[in-house]
Protein chains: 2
Amino acid sequence: MSSTHTHSKKNQSLTKNQRIVLDLLQNSGEPLKAYFILDSLKKEGLNSPLQVYRALDKLVELGKIHKIESINSFIICNNSNCASNTAFTICERCGKVKEIKNKYLKDSVSDLVKDNQLEITRYNLEFYVLCKSCKIN
Amino acid sequence: MSSTHTHSKKNQSLTKNQRIVLDLLQNSGEPLKAYFILDSLKKEGLNSPLQVYRALDKLVELGKIHKIESINSFIICNNSNCASNTAFTICERCGKVKEIKNKYLKDSVSDLVKDNQLEITRYNLEFYVLCKSCKIN
DNA sequence: ACCTCTAATGTTATACTATTACATATGTAA
DNA sequence: TTACATATGTAATAGTATAACATTAGAGGT
């Protein structure tokens, strides 16, 4: 899964810390934990948890990454325009995480809660699955 | 919201720690954090975080309570037979949490991911909303 | 260029959340 | 009763996240 140089270089206007954190997540493609990010970027000049968390917070806010709550991890966004909404599958056996594409969800989600008179501002959906390769073995 | 004595008394076969933790969550009806539970039950004999976490783990496993991942909190189950699946609305303004009834979800959820060839073993859905009373003010 | 304001940084300390490890006790079934 | 799994009690520690405060960097307006 090395997609190191395949992403658009639209990471301008980010600060140095935000950029190196985003680059790491982009190059990794899998969910990373804050303290792992810290360790990985010590050589780039990151010294404290707060530097990592501040960068992560901003990137989440910009919709460039997502937090997966149930595993306290952060992953690069594979969609666009999902600053507020996130949906993932997480393999129960191998832990592999995939983001579910927006377009599969929009309509279903509104059906999902139409019986409540609630207006949804955002959502975080975590589906635990057995992924294809784990299902085989 | 005092539904203190309206729940069925099927809490037999639970151990003492499991029972007092469950009772607290039942009487509270809102999400509680582990260390809050610990403080609340010091007088009942709970002394260490681990005692709380072990009771919580067991109760989650039994489907009697749920963990709401994004707020590190636990709440009494308002459904039945949802040991594995959870779905909540969380008010963005006041933090109020409500469990979404199973029956509204079963079909929608299977639609939701029918395009993927994944078999879902369980899910955790967190919908952030503006609740009715917050919408008014 | 200068002022101003906002956002980001750097650093230390601390708070909050959760688990490891180990010794002991309890309940259930053969 | 023995054996086994499960729960308990306790202390220590690991993992996750934020508060507080001083400083610096950027973007806009004049």
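Below, chains carry the letters A, B, ... as their sequence lines are ordered, and counting in each starts from 1. FYI, side chains are in, hydrogens and waters are out, and symmetry mates aren't considered; it's all heavy atoms of this structure.
Looking at B:Y35, its side chain has no donor and acceptor atom pair within 3.5 Å of the base of C:dA15.
In this structure, A:K58 and A:S48 both approach DNA chain C, and ranking their closest nucleotides by distance from the 5' end singles out A:K58. A residue-by-residue look at B:L50 and B:I71 shows that B:I71 has its nearest nucleotide of DNA chain C further toward the 5' end. Both B:L46 and A:F74 lie close to DNA chain D; mapped to their nearest nucleotides by heavy-atom distance, the more 5′-ward contact belongs to B:L46.
We find that CD1 of A:I37 is positioned 11 Å from P of D:dT16, with the value rounded to whole Å. For the pair B:E44 CD and D:dT8 P, the interatomic distance rounds to 15 Å; values are reported in whole Å. Atoms CG (A:L41) and C1' (C:dT9) sit 16 Å apart, rounded to a whole Å. The separation between B:L14 atom CG and D:dT6 atom P is 16 Å, rounded to whole Å. D:dG15 atom P lies 16 Å from atom CG of A:L32, rounded to whole Å. Here the P atom of nucleotide D:dG26 and the CG atom of A:N17 are 12 Å apart, to the nearest Å. Atom CZ in A:R54 sits roughly 11 Å away from atom C1' in D:dA20 (whole-Å rounding). Rounded to whole Å, atom C1' of C:dT9 lies 14 Å from atom CG of A:D57.
The phosphate of C:dG27 has neither OP1 nor OP2 within less than 4.0 Å of any side-chain N or O from B:K16. OP1 or OP2 of C:dC16 has not a single side-chain nitrogen or oxygen of B:K33 nearer than 4.0 Å. Of the side-chain N and O atoms in A:Q18, one or more sit less than 4.0 angstrom from OP1 or OP2 of C:dA8. Phosphate contact (OP1/OP2 of C:dG10, side-chain N/O of A:Q51, threshold under 4.0 Å): present. A sub-4.0 Å separation between OP1 or OP2 of D:dT10 and a side-chain N or O of B:N47 is present. Taking 4.0 angstrom as the limit, B:N72 places a side-chain polar atom (N or O) nearer than this to OP1 or OP2 of C:dA18.
Within the 3.5 Å criterion, the main-chain N or O of B:I68 finds no donor-acceptor partner in the side chain of B:S73.
Note on A:R122 versus B:E92: salt bridge recorded, some NZ/NE/NH1/NH2 to OD/OE distance being below 4.0 Å.
Distance from the side chain of A:T15 is smallest to C:dT9 among C:dT9, D:dT10, C:dA18. Picking from D:dA17, D:dA19, D:dT10 the nucleotide with the shortest atom distance to the side chain of A:Y53 gives D:dA17.
Atom CG of residue B:L22 and atom NZ of residue B:K58 lie 13.5 Å apart, to the nearest 0.5 angstrom.
B:L14 and B:L50 are not part of a single hydrophobic cluster, where members link through side-chain heavy atoms under 4.5 Å apart. The same ILVMFWY cluster, assembled from side-chain heavy atoms under 4.5 Å apart, contains both B:I76 and B:Y53.
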